[in-house]
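Working notes for the structure below.
In what follows, every heavy atom counts, from backbone to side chain, and hydrogens, waters and symmetry copies are set aside.
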There are 2 protein chains.
Amino acid sequence: MTDEKDFLSGYDPGDFPAFAVTADVVLLTMRAGRLCVLLIERGGPPFKGMWAFPGGFVKLDENLDQAASRELQEETGISGIDLTQFASYGDPDRDPRMRVVTVSYLAVVPDLPSPQASTDAAKARFWPVDDVEGTLAFDHDRILGDALSHLRTVVEYSPLAASFCEREFTVADLRRVYESIWGVDLDPSNFQRKVLGIDDFLVPTDRQSSSSAGGGRPARLYRLGKVSELRPPILPPD
Amino acid sequence: MTDEKDFLSGYDPGDFPAFAVTADVVLLTMRAGRLCVLLIERGGPPFKGMWAFPGGFVKLDENLDQAASRELQEETGISGIDLTQFASYGDPDRDPRMRVVTVSYLAVVPDLPSPQASTDAAKARFWPVDDVEGTLAFDHDRILGDALSHLRTVVEYSPLAASFCEREFTVADLRRVYESIWGVDLDPSNFQRKVLGIDDFLVPTDRQSSSSAGGGRPARLYRLGKVSELRPPILPPD
DNA sequence: ACAAAAGTGTTGAGAGTACACCCATGC
DNA sequence: GCATGGGTGTACTCTCAACACTTTTGT
């Protein structure tokens, strides 16, 4: 009966509950067919020695998106990738030090070189998602779970899965991404026809993959087209 | 280079940028075939006299979901409905008074009695969405746009559209909801077969609608079942 | 009887799956 | 040649949109 009155009419600036706001980045990649997440080992309390997402305080003169990419750049050296906000978390006890609301972002990248090479963030590395579930600092386990279910949903209806691939990739590369995410096997020939039949999804190059591993016909290389929506969706069979 | 160090190692509590955090509710309903949104007229600066979503400061001892339903209840008297978070907004200048991050929730309800009857929130009313786009306080126009596109997406793959209907409703009621949201005409007979063919979506009652308006065969009344996902999705033709 | 809305039957077009088969490369 | 993976052809199945038609009410 008081707060919202203050909010609706005039009030004394500074007369509001003070929160810290952070931006966290759940950055996913695919390594050897396993879904991996970029984590940073915490050097101090709370949760010292545990692993958490890159992220940190939003500054007073930047917006939420900017904070997320700045923190990612500062802590891991990674920049120039798409970050999309997917949820915010603000339970009273999620950080024992103070009241923090975190705005969480999802990023999907190809298999990058390990981040320690790039900056001073020596404690950053990729972990297979299955190996860390249930072990993260703060409420980051819950956030990771939400990020993964968000990923699995979005990937059916958007070309996001192609972000796991390099700039040029084969249809089989893309198929293996979907197979990993859904844990199913897809028929290579039908998958090929399906994705090539979607307008503006894959644009062919005139280059071919070097058929490196033990033979087999080289595959054509594609680049991601400008499609924004996959209709009909790419679904796992049943 | 300083903030995130503080965040990773120890630091002085209180040594962080102080934000206000609010929870806003975009509550949608369907009236006479038009999509409507619940708004509150602002009684004081800034944006005095303009309309905005119900919402207000998150308190230090409640979580974000609780803040959203509390504010909705206090400002409009509406309670007991599902609120789902869909996005957060925190541009530096979105509120001229201070730095505010707002966590936005979407709610979908049947045609409720006008809210002024229930509480002291005399300035709350439903507005047709088309009539207010571009006129709202703060960045609420952008939030409304995001809420609507979120609605249109979610409605294809979830039973959310049924939340626009009363507890018992006919297939035609539900069809008119989809027609309004997508702005298309759907074939009544095909729509009927489609939705009744989805397991656990609609559960029949033994009651019928009173065929009130000008004749026509009374329709069976249904209740919403326990399905959580619509596969295949309900799509507009083309 | 007639209009209006609910609900069913039928059919033809298109999409998806399974799988046979051909192509290009490494060994 | 043979193994391996890329890519095409084909036939069967299933779904869905279109629309004719029957059912049940109000006037």
Is the shortest side-chain N/O distance from [X] to OP1 or OP2 of [N] below 4.0 Å?
X        : N      : answer
B:Arg175 : C:dA6  : yes
B:Gln208 : D:dT24 : no
A:Lys194 : C:dT17 : yes

Expressed in angstrom and rounded to an integer, what is the separation of [X] atom [atom1] from [N] atom [atom2]?
X        : N      : atom1 : atom2 : result
A:Gln192 : D:dG5  : CD    : C1'   : 11 Å
B:Leu230 : D:dC16 : CG    : P     : 12 Å
A:Leu186 : C:dA18 : CG    : C1'   : 14 Å
B:Asp185 : D:dA17 : CG    : C1'   : 15 Å
B:Phe191 : C:dA5  : CZ    : C1'   : 15 Å
A:Leu221 : D:dG7  : CG    : C1'   : 15 Å
B:Asp187 : D:dC21 : CG    : P     : 16 Å
A:Arg231 : D:dC16 : CZ    : C1'   : 14 Å

Counting only heavy atoms not in B:Asp200 (residues, nucleotides, ligands), do more than 12 fall under 6.0 Å from its CG? yes
Counting the atoms with a prime plus P, OP1 and OP2 as sugar-phosphate, which does B:Pro188 contact under 4.0 Å by heavy atoms, base, sugar-phosphate, or nothing? nothing
Under 4.0 Å, counting only non-hydrogen atoms across every strand here, what does A:Arg193 touch: a base, just sugar-phosphate, or nothing? base
Any donor-acceptor N or O pair under 3.5 Å, side chains A:Asp146, A:Tyr89: yes
Test B:Phe164 against every option in B:Ile181, B:Asp173, B:Val109 by the side-chain contact (heavy atoms from CB on, under 4.5 Å) rule and name the one that passes. B:Ile181
Of A:Pro233 and B:Arg220, the one whose closest DNA chain C nucleotide lies more 5': B:Arg220
Please compare B:Asn190 and B:Ala172 by the position of their nearest nucleotide in DNA chain C and report the one closer to 5'. B:Ala172
What pair of heavy atoms forms the shortest contact from B:Thr205 to B:Arg220, and how long is it? O-NH1, 2.8 Å
Over 60° means perpendicular and under 30° means parallel, so classify the ring planes of B:Trp51 and B:Trp127, tilted if in between. perpendicular
Between B:Pro232 and B:Ser189, just flag the one whose closest nucleotide in DNA chain D comes earlier from the 5' side. B:Pro232
Closest to the A:Arg217 side chain: C:dA5, C:dC19, D:dG7? D:dG7
